[in-house]
Visitor: 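Right, I'll just put the structure down here and ask away after.
Remember, it's a predicted structure, so these values are computed and weren't measured experimentally.
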Amino acid sequence: MKVMLKTVEGTSPLIYIPGSYLTEAVSRQAPMIALLANISSGSLERHWLVFDYTMAYFKLYGDYGIDGTGLALEGYTPIVEWVDEYNVTVKRLGETLTWSEAQNKVGSPVIFVINPTFATRNWTFTWKDANGIWRFHVPELEGEVELDYLLFWEDLYYPPDPPSYVDDWRDHVVRVTMFTNCTYRIAVYIARGGYMHCFYLPAEEPYDTVPDQVSNLVYVKDYGEWWPPGLPVYAYSGYDVYESSTRIFYTRLGG
């Protein structure tokens with residue numbers, strides 16, 4: 001199958017995609033992914049988002065700051081594609097976004113970055129935020145890949161209890177690779193901070209019960225842990241982030 005991609009800048013070179021990729025993609029329903037933040041071990045306050053990669057659509061739930069447990073926000077996450085570099089704050093290094101700016105400029109707790117190579121070759125993606133420049137080295141993979149992307153999560157982004165500012169959308173950076181045989185490869189590049197993080201695949205309805213879906217839990221980043229341990233707070237001159245063999249998980253769904 002031959003596909004020509006067109007953008008506002010012009011027409012890109014022809015690329016070839018095996019027809020089996022698209023056949024598989026349309027023949028099955030994509031699973032939802034969930035990321036949960038638990039504020040502290042002494043608190044039951046949690047919020048979590050459910051993400052649909054086929055639509056780049058998210059739903060953000062919580063059990064604090066609202067009446068009971070329920071939906072706090074929903075919308076479309078920004079999609080970053082066909083570029084090798086992105087500045088999330090659209091400002092100089094060291095300058096954060098106010099909560100109002102974060103809502104206006106990003107409007108989402110997550111940002112979806114598509115690997116333009118579909119994991120067919122090594123790729124380096126440069127992320128710029130208030131705290132530095134971060135180069136994510138994404139290695140090529142074997143097998144028929146349906147989609148390969150990085151998901152950047154700002155765990156403070158919760159409108160019922162908004163922070164005074166938002167800095168980097170880099171509290172949790174995870175690579176998700178979907179193969180046409182229904183196997184999912186999850187590689188954690190960064191997971192840091194005081195909150196406990198939980199990753200679920202699949203996330204199932206009703207989505208307000210995600211914290212109880214223990215059988216769908218892929219991994220947990222505990223309170224106060226930093227993955228990788230030596231990750232600096234600031235990297236104004238740049239910092240290279242690589243996959244760690246101890247933070248790669250595989251899940252096979254159906255098929």
Side-chain angles (χ1 to χ4, degrees), residues 9 35 37 39-40 49 56 58 77-117 119 121-140 148-159 161-176 186-197 199 219 221-248:
E9 291 80 12
L35 281 163
I39 291 179
S40 71
L49 66 92
F58 73 90
T77 177
I79 302 175
V80 178
E81 56 184 340
W82 305 115
V83 298
D84 299 325
E85 182 177 304
Y86 184 73
N87 185 339
V88 66
T89 64
V90 199
K91 292 186 174 184
R92 293 189 300 259
L93 295 176
E95 294 185 348
T96 60
L97 295 176
T98 66
W99 173 245
S100 177
E101 288 174 331
Q103 289 180 297
N104 292 332
K105 293 182 181 295
V106 181
S108 167
V110 288
I111 295 176
F112 180 44
V113 180
I114 299 175
N115 180 353
T117 77
R121 63 179 185 272
N122 295 334
W123 178 54
T124 298
F125 178 70
T126 301
W127 179 268
K128 296 182 179 180
D129 58 50
N131 295 324
I133 300 170
W134 313 85
R135 293 179 294 266
F136 293 88
H137 296 276
V138 182
E140 66 176 290
D148 188 43
Y149 65 85
L150 295 170
L151 196 61
F152 289 75
W153 179 32
E154 175 55 68
D155 64 9
L156 289 176
Y157 200 106
Y158 184 63
D161 187 26
S164 58
Y165 69 91
V166 181
D167 56 2
D168 56 26
W169 275 264
R170 197 176 30 80
D171 297 309
H172 201 115
V173 183
V174 58
R175 177 190 186 185
V176 180
I186 300 103
V188 187
Y189 277 78
I190 293 177
R192 62 188 174 90
Y195 292 177
M196 180 180 75
H197 293 165
F199 184 100
Y219 64 84
K221 192 283 296 182
D222 208 351
Y223 303 102
E225 281 191 331
W226 283 60
W227 299 351
L231 185 74
V233 175
Y234 307 105
Y236 294 141
S237 61
Y239 186 81
D240 294 290
V241 189
Y242 298 89
E243 289 187 355
S244 169
S245 60
T246 62
R247 306 297 182 195
I248 297 175

Visitor: What's the verdict on ring-ring contact (aromatic ring centres under 6.0 Å, His included) for Tyr157 and Trp99, showing C-alpha distance, side-chain angles and the deciding distance?
Guide: CA-CA 9 Å; Tyr157 200 106; Trp99 173 245; 4.7 Å; yes
Visitor: Going by the side-chain contact (heavy atoms from CB on, under 4.5 Å) test, name the single residue among Val138, Val174, Val176 that passes it with Leu150.
Guide: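 Testing Leu150 for a side-chain contact (heavy atoms from CB on, under 4.5 Å) against Val138, Val174, Val176 leaves exactly one candidate, Val138.
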Visitor: Val80 and side-chain contact (heavy atoms from CB on, under 4.5 Å): which partner among Val113, Val88, Ile114?
Guide: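 Among the candidates, only Val113 passes.
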Visitor: Within 45° of the six-membered ring axis of Trp127 and under 6.0 Å from that ring's centre, is NZ or CZ of Arg170 located there?
Guide: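 Output no; distance or angle outside limits.
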Visitor: If the condition is salt bridge (charged side-chain N to carboxylate O under 4.0 Å, His left out), which residues does Asp240 pass it with, not counting sequence neighbours?
Guide: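 Scan of Asp240 (salt bridge (charged side-chain N to carboxylate O under 4.0 Å, His left out), adjacent residues dropped) gives Arg135.
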Visitor: Go through the structure and list residues passing ring pair (Phe, Tyr, Trp, His ring centres under 6.0 Å) with Trp226, not counting sequence neighbours.
Guide: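 By the ring pair (Phe, Tyr, Trp, His ring centres under 6.0 Å) rule, Trp226 matches no residue at all.
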Visitor: Among residues at least two apart in sequence or on other chains, which ones pass salt bridge (charged side-chain N to carboxylate O under 4.0 Å, His left out) with Glu101?
Guide: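 Glu101 satisfies salt bridge (charged side-chain N to carboxylate O under 4.0 Å, His left out) with Lys91 once adjacent residues are dropped.
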Visitor: Under the ring pair (Phe, Tyr, Trp, His ring centres under 6.0 Å) test, which residues partner Phe136, sequence neighbours left out?
Guide: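 Ring pair (Phe, Tyr, Trp, His ring centres under 6.0 Å) list for Phe136, sorted by chain: Phe152, Tyr189.
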Visitor: So, using ring pair (Phe, Tyr, Trp, His ring centres under 6.0 Å) as the criterion, who are the partners of Trp153 when residues are at least two apart?
Guide: His172, His197
Visitor: Can you list everything that forms a salt bridge (charged side-chain N to carboxylate O under 4.0 Å, His left out) with Arg121? Sequence neighbours excluded, please.
Guide: none
Visitor: So, using side-chain hydrogen bond (donor to acceptor under 3.5 Å, both in side chains) as the criterion, who are the partners of Ser40 when residues are at least two apart?
Guide: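 By the side-chain hydrogen bond (donor to acceptor under 3.5 Å, both in side chains) rule, Ser40 matches no residue at all.
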Visitor: Output all residues satisfying side-chain hydrogen bond (donor to acceptor under 3.5 Å, both in side chains) with Ser100, sequence neighbours left out; order by chain, then residue number.
Guide: none
Visitor: Just wondering, are more than 12 heavy atoms of other shown residues or ligands nearer than 6.0 Å to OH in Tyr165?
Guide: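 For Tyr165, atom OH is not crowded (no more than 12 foreign heavy atoms under 6.0 Å).
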Visitor: Please say which of Asn122, Asn115, Thr117 ends up in a side-chain contact (heavy atoms from CB on, under 4.5 Å) with Glu140.
Guide: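 Testing Glu140 for a side-chain contact (heavy atoms from CB on, under 4.5 Å) against Asn122, Asn115, Thr117 leaves exactly one candidate, Asn122.
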Visitor: CD of Glu81 to OH of Tyr149: how many Å apart, nearest 0.5 Å?
Guide: 14.0 Å
Visitor: Can you list the residues that meet the side-chain hydrogen bond (donor to acceptor under 3.5 Å, both in side chains) rule with Trp169, with sequence neighbours excluded?
Guide: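 None.
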Visitor: Can you list everything that forms a salt bridge (charged side-chain N to carboxylate O under 4.0 Å, His left out) with Arg192? Sequence neighbours excluded, please.
Guide: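 Checked Arg192 against salt bridge (charged side-chain N to carboxylate O under 4.0 Å, His left out); matches are Asp168, Asp171.
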Visitor: Check whether Lys221 reaches the backbone of Ile190 with its side chain - one donor and one acceptor, N or O, closer than 3.5 Å.
Guide: no
Visitor: Name all residues meeting the side chain to side chain contact (heavy atoms under 4.5 Å, CB included) criterion together with Leu156; count only those two or more places apart in sequence or in a different chain, and write none if there are none.
Guide: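 In terms of side chain to side chain contact (heavy atoms under 4.5 Å, CB included), with neighbours along the sequence ignored, Leu156 is linked to Glu154, Pro163, Tyr195.
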Visitor: Just verifying a value: how many Å separate Trp227 CH2 and Asp222 CG, rounded to the nearest 0.5 Å?
Guide: 9.0 Å
Visitor: Would you compute the distance between atom OH of Tyr234 and atom CG of Asn131 and round it to the nearest 0.5 angstrom?
Guide: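 One finds 6.0 Å between OH of Tyr234 and CG of Asn131.
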Visitor: Excluding sequence neighbours, so at least two apart, what forms side-chain hydrogen bond (donor to acceptor under 3.5 Å, both in side chains) with Asn87?
Guide: Thr89
